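Computed from a prediction, not measured in an experiment: that's the story for all the values here. Atoms within a ligand are numbered from 1 in the order they appear, just like the ligands themselves. Position 1 is the first residue of the sequence, and the numbers go up from there.
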Amino acid sequence: MDAKLIQWTPSLGTGILWQDMQHRTLIDQINALHNAIRAKKGAGQIDPLIAFLDSYVVHHFSIEEKYMDRYRDPEMAHHVAQHTSFAKNLAELKTYRPAQGELAAESLCYDLYEWFKNHILSIDKRLGEFLKAIGEK
Ligand SMILES: [Fe+2]
Ligand SMILES: [Fe+2]
């Protein structure tokens, strides 16, 4: 049986439906990469995961930013800066590929886990609270 690096529970969510659904999609991808690494098949997951992240960065980040803009979120500049930094790191990963093979898979998994802890569980949760206070669901 696969062991999940990140086990979803409602406490991880923001309570905003679209945001939680999209975050869970990313968490599924992180868990799949982690399982592939455990099976020494992580390297083969890098390209499909990068393709997923390319789309995620465009769609998910733009939706969060659209809501921040619509409701004049005072934290918007700081939040968007983190999104921009993630997108820049992704572009650099695609261009330079500083590590190869299983090492690259482990590095990507670590970076995404850090993103989960430091962005999704922090600044995205705050955005969720902000939106719920306005009446969004
Ligand atoms: Fe998010
Ligand atoms: Fe975000």
- request: Can you list, by chain and residue number, the protein N, O or S atoms under 2.8 Å from the Fe ion (ligand 2)?
  value: E64 OE1, H79 NE2, H83 NE2, H119 NE2, D124 OD1
- line: So salt bridge (Lys or Arg N to Asp or Glu O under 4.0 Å) across residues 96-105, not counting sequence neighbours, yields D47-R97
message: Is it the case that atom NZ in K132 sees more than 12 heavy atoms from other parts of the structure closer than 6.0 Å?
response: yes
task: Check the side chains of H119 and H83 for a donor-acceptor pair under 3.5 angstrom, ignoring hydrogens and angles.
output: yes
- prompt: Can you find a side-chain donor-acceptor pair between Q19 and Y67 that sits under 3.5 Å?
  reply: no
Atom of H23 nearest the Fe ion (ligand 1) (restricted to N/O/S, atom name only): NE2
task: Could I get the full list of side chain to side chain donor-acceptor pair (under 3.5 Å) partners for R126, not counting sequence neighbours?
output: D73
Contact list for residues 76-91, test salt bridge (Lys or Arg N to Asp or Glu O under 4.0 Å), sequence neighbours left out: K88-E92
